[in-house]
Amino acid sequence: MLFDDNNLAENKLILLYVLEKTKLPLSSSQITQIILENIPMNYFVLQQYIDELFQNNLISKNTSKDKSYYSVTKKGKEILELFSNRLSQDLCQRMDHYIIKHKNSIFNESHYIGTYKKKGDEEFIVQLRILENESELIDLSISVATLQQAKNIIDNWKNNGEKIYRSIINSLITKYKNTTP
């Protein structure tokens, strides 16, 4: 299978374009769905492009419960801006239309994000985020002792994120009386 260098560059740019336009971290399956529903591309080639963009620090990856979420990096945004003239207007409009049409389903899946990373032998860092209207409402990192604790926190966050967020905000804005003598 031969690939045209211009097509290769355009395909990688469109991946950056989609990640930039959604303003949300997207899972590999979300990226795949968006791209393959709009562009005739081989699934395995698409996965290779994603990996190459990651290896070249044009996109970043966070993992949550065996699911990776990708975001465009500052370097990726610079490359996109520099070479955006290589993307056809028709293709960009098709992607824009798709993203607008499916924004709610994309947003609902990417709204409450929980990831964890192993730090040392017996420590995990859990990162909890809420994205709303393209802004980050909260970005909280918590250190826990076990993988099971990390997974439980992420499950609770995904299932009860709104309640947890409200509870955190209420706790932080409530004025506490000093009870020490």
Side-chain angles (χ1 to χ4, degrees), residues 12 15-37 43-44 46-77 80 99 102-181:
K12 288 182 180 181
L15 284 168
L16 294 174
Y17 182 85
V18 165
L19 287 168
E20 175 62 18
K21 280 296 184 174
T22 58
K23 306 275 189 225
L24 294 169
L26 297 178
S27 67
S28 182
S29 61
Q30 286 175 308
I31 295 169
T32 301
Q33 181 178 356
I34 292 168
I35 298 296
L36 295 183
E37 286 187 18
Y43 170 84
F44 297 106
L46 173 60
Q47 299 310 309
Q48 179 182 342
Y49 290 162
I50 292 170
D51 187 55
E52 288 172 5
L53 289 171
F54 174 69
Q55 295 300 324
N56 289 305
N57 297 316
L58 299 176
I59 60 176
S60 61
K61 175 171 65 170
N62 283 314
T63 304
S64 171
K65 293 182 74 172
D66 301 325
K67 193 173 196 177
S68 296
Y69 290 91
Y70 296 90
S71 301
V72 67
T73 63
K74 182 179 178 184
K75 182 178 174 184
K77 289 177 186 180
L80 180 60
I99 290 167
H102 295 92
K103 185 81 170 178
N104 284 342
S105 64
I106 294 168
F107 179 74
N108 286 341
E109 187 175 333
S110 300
H111 190 66
Y112 295 96
I113 300 170
T115 60
Y116 65 85
K117 294 180 184 174
K118 188 171 184 173
K119 182 181 177 186
D121 289 337
E122 295 185 23
E123 184 180 10
F124 293 84
I125 302 298
V126 179
Q127 183 181 20
L128 306 173
R129 298 171 60 207
I130 297 178
L131 301 174
E132 186 173 279
N133 297 327
E134 301 175 6
S135 12
E136 197 169 71
L137 293 180
I138 190 169
D139 184 352
L140 177 66
S141 293
I142 303 168
S143 177
V144 296
T146 69
L147 176 60
Q148 190 58 51
Q149 288 173 330
K151 288 180 177 182
N152 289 347
I153 289 170
I154 290 171
D155 283 342
N156 283 331
W157 187 250
K158 296 227 178 206
N159 295 324
N160 303 295
E162 186 176 346
K163 290 178 196 172
I164 295 168
Y165 174 71
R166 273 187 297 191
S167 175
I168 291 169
I169 293 300
N170 286 335
S171 294
L172 291 172
I173 62 175
T174 300
K175 189 165 187 143
Y176 290 95
K177 293 183 179 179
N178 190 352
T179 58
T180 56

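These numbers were taken from a predicted model, which means no experiment stands behind them.
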Original post:
Where do Leu80 and Leu58 land on the side-chain contact (heavy atoms from CB on, under 4.5 Å) test, with the steps shown first?
Top reply: CA-CA 9 Å; Leu80 180 60; Leu58 299 176; over 6 Å; no
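- For the side-chain contact (heavy atoms from CB on, under 4.5 Å) test with Ile31, the passing option among Ile59, Leu19, Val18 is Leu19; the others fail.
- One N or O on the side chain of Lys75 and one on the backbone of Asn56 form a donor-acceptor pair closer than 3.5 Å.
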**OP:** Please test Ile35 against Thr32 for side-chain contact (heavy atoms from CB on, under 4.5 Å), starting from the C-alpha separation and ending with a verdict.
**Re:** CA-CA 5 Å; Ile35 298 296; Thr32 301; over 6 Å; no
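- Distance check: Ser71 OG to Glu20 CD gives 10.5 Å after rounding to the nearest 0.5 Å.
- For Gly114 against Trp157, the heavy-atom pair with the smallest separation is N-CD1, 4.2 Å.
- Considering every non-hydrogen atom in both Gly161 and Ile130, the closest pair reads O-CD1, 4.3 Å.
- In terms of heavy atoms, Tyr116 sits closest to Lys151 at OH-CE, 3.8 Å.
- To the nearest 0.5 Å, atom NZ of residue Lys23 and atom CD1 of residue Ile99 are 10.0 Å apart.
- Under the side-chain contact (heavy atoms from CB on, under 4.5 Å) rule, Pro25 has a single partner from Ile113, Val72, Thr115, which is Ile113.
- When all heavy atoms are compared, the tightest approach of Thr73 to Ser60 is CG2-N, 3.6 Å.
- Atom-to-atom distance recorded for Ile164:CD1 and Lys158:NZ is 12.5 Å, nearest 0.5 angstrom.
- If you check the side chains of Gln47 and Asp51, you find no donor sitting under 3.5 Å from an acceptor.
- Closest approach of Phe124 and Ala150 over heavy atoms only: CB-CB, 4.2 Å.
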**OP:** Go through the steps to decide whether Tyr49 and Glu52 satisfy the test side-chain contact (heavy atoms from CB on, under 4.5 Å), and finish with yes or no.
**Re:** CA-CA 5 Å; Tyr49 290 162; Glu52 288 172 5; 4.2 Å; yes
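- Contact record, Ile168 with Leu140: CD1-CD2, 4.1 Å, taken as the closest heavy-atom pair.
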Original post:
Are Asn152 and Val144 close enough, and set up right, to give a side-chain contact (heavy atoms from CB on, under 4.5 Å), and what steps lead you there?
Top reply: CA-CA 11 Å; Asn152 289 347; Val144 296; over 6 Å; no
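- Here Gln148 contributes atom CD and Ile153 contributes atom CD1; the two are 10.5 Å apart, rounded to the nearest 0.5 Å.
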